[in-house]
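Encoded as structure tokens, the structure appears first; notes follow it.
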Amino acid sequence: MFGKLSKGVIGILLIPVVIGVSAAFFESLTGMGGARGTGSRIFLLGALSYVIMHLFIIKPNYIYTLGHELMHAIATFLCGGRVKSFRASKDGGAVETTKSNVFITLSPYFVPTYTLLFSFLYIVIPLFIKVPNLSNIYFFLAGFTLTLHLVFTADVLKKEQPDIINTGYIFSMV
């Protein structure tokens with residue numbers, strides 16, 4: 001009981017941090033791509049493209065679940081644990097690990113796996129080849145994948161998630 005209560009208090013105390021980080025993100029979004037802000041428009045085009053795809057064409061359940069479970073596995077490796085089993089399908093997934101903590105449990109909810117992957121590629125690709133308009137491609141894919149992450153995360157949080165229940169609702173949401 002004390003653990004969830006203390007995490008709830010920490011969650012409440014972290015609300016101003018979340019507000020500040022969100023404000024900084026939206027402030028930086030307006031300046032992407034130089035003074036004309038073309039990057040922010042391309043980012044928003046990527047976000048809008050994902051919403052249209054999700055609502056009218058296809059919901060990539062498997063892609064989201066794979067990224068979600070992959071983030072559990074990556075977080076486990078980062079914390080010195082090992083993955084014993086890994087399963088992902090369009091209907092759900094699971095990762096069995098040798099270690100668990102708050103970071104491993106909650107990382108798929110606050111780390112957008114595919115946006116992180118494309119950010120890594122955006123940094124690495126120019127080291128090997130020159131890609132015309134790479135920034136514009138990156139802005140579009142970042143908007144697309146971040147929106148995928150936010151939409152699916154919001155959707156799965158409507159259901160009872162053991163990760164969230166075990167960690168405490170207030171702490172997990174923050």
Side-chain angles (χ1 to χ4, degrees), residues 11 14-78 86 88-93 95 102-159 161 163-164 167 171-174:
L14 286 174
I15 290 173
V17 174
V18 171
I19 292 169
V21 169
S22 299
F25 172 75
F26 286 110
E27 180 72 25
S28 66
L29 183 61
T30 60
M32 285 190 331
R36 294 174 43 219
T38 54
S40 59
R41 286 194 293 276
I42 293 170
F43 179 92
L44 292 172
L45 180 63
L48 179 63
S49 296
Y50 178 77
V51 169
I52 290 169
M53 183 187 85
H54 188 91
L55 291 175
F56 301 110
I57 302 170
I58 188 171
K59 294 177 183 168
N61 293 341
Y62 175 73
I63 298 294
Y64 173 77
T65 303
L66 179 64
H68 180 99
E69 302 304 336
L70 188 60
M71 188 49 60
H72 279 304
I74 291 168
T76 299
F77 287 127
L78 291 175
F86 183 97
S89 74
K90 66 181 176 82
D91 299 319
V95 177
V102 172
F103 176 68
I104 293 169
T105 301
L106 296 180
S107 61
Y109 300 99
F110 64 85
V111 178
T113 308
Y114 297 110
T115 308
L116 194 63
L117 172 67
F118 285 121
S119 297
F120 173 77
L121 292 174
Y122 178 67
I123 293 167
V124 172
I125 286 173
L127 299 175
F128 301 100
I129 57 172
K130 182 177 170 121
V131 177
N133 298 313
L134 182 61
S135 292
N136 290 342
I137 295 167
Y138 170 70
F139 291 144
F140 181 87
L141 290 173
F144 189 92
T145 58
L146 187 58
T147 304
L148 174 144
H149 174 78
L150 293 173
V151 167
F152 269 103
T153 299
D155 191 46
V156 300
L157 290 178
K158 292 188 288 186
K159 303 171 186 122
Q161 293 292 322
D163 297 342
I164 303 301
T167 310
F171 182 79
S172 298
M173 289 302 115
V174 171

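Residue numbers run from 1 in the order of the sequence given. When reading the values below, keep in mind they use all heavy atoms of this one structure, side chains included, and skip hydrogens, waters and symmetry mates.
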Mind running side-chain contact (heavy atoms from CB on, under 4.5 Å) on Leu70 and Ile74 for me, showing each step along the way?
CA-CA 6 Å; Leu70 188 60; Ile74 291 168; 4.0 Å; yes

Using the side-chain contact (heavy atoms from CB on, under 4.5 Å) rule, take Ser119 and Tyr138 through it: C-alpha gap first, then chi angles, then the decisive distance, then the call.
CA-CA 7 Å; Ser119 297; Tyr138 170 70; 2.8 Å; yes

Go through the steps for Met53 and Ile58 under the test side-chain contact (heavy atoms from CB on, under 4.5 Å), then give the verdict.
CA-CA 6 Å; Met53 183 187 85; Ile58 188 171; 4.0 Å; yes

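Note that the CZ atom of Phe118 and the OG1 atom of Thr113 stand 11.5 Å from one another [nearest 0.5 Å]. Atom CD1 of Ile52 is separated from atom CG of Leu45 by 8.5 Å, given to the nearest 0.5 angstrom. Rounding to the nearest 0.5 Å gives a distance of 11.5 Å between OG1 of Thr153 and CZ of Phe110. Atom CZ of residue Phe43 and atom CG of residue Leu141 lie 11.0 Å apart, to the nearest 0.5 angstrom. Rounding to the nearest 0.5 Å gives a distance of 12.5 Å between CG of Asp155 and CG of Leu150. Atom-to-atom distance recorded for Met71:CE and Tyr114:OH is 9.5 Å, nearest 0.5 angstrom.
Across Leu134 and Pro126, no two heavy atoms sit closer than the pair CD2-CG, 3.6 Å. Counting all heavy atoms, side chain and backbone alike, Ala88 lies closest to Tyr62 at O-CE1, 3.4 Å.
The shortest distance between side-chain heavy atoms of Phe139 and Asn133 does not fall below 4.5 Å.
Residues that satisfy the side-chain contact (heavy atoms from CB on, under 4.5 Å) test with Phe152, not counting sequence neighbours, are Tyr50, His54, Lys59, Pro60, Asn61, Tyr64, Leu148. With sequence neighbours excluded, the residues forming a side chain to side chain donor-acceptor pair (under 3.5 Å) with Ser135 are Tyr122, listed by chain and number. In this structure, the side chain to side chain donor-acceptor pair (under 3.5 Å) partners of Thr145, at least two apart in sequence or on a different chain, are Thr115.
Side chain of His149 to main chain of Tyr109: a donor-acceptor pair is present (N/O by atom type, distance under 3.5 Å, no hydrogens or angles).
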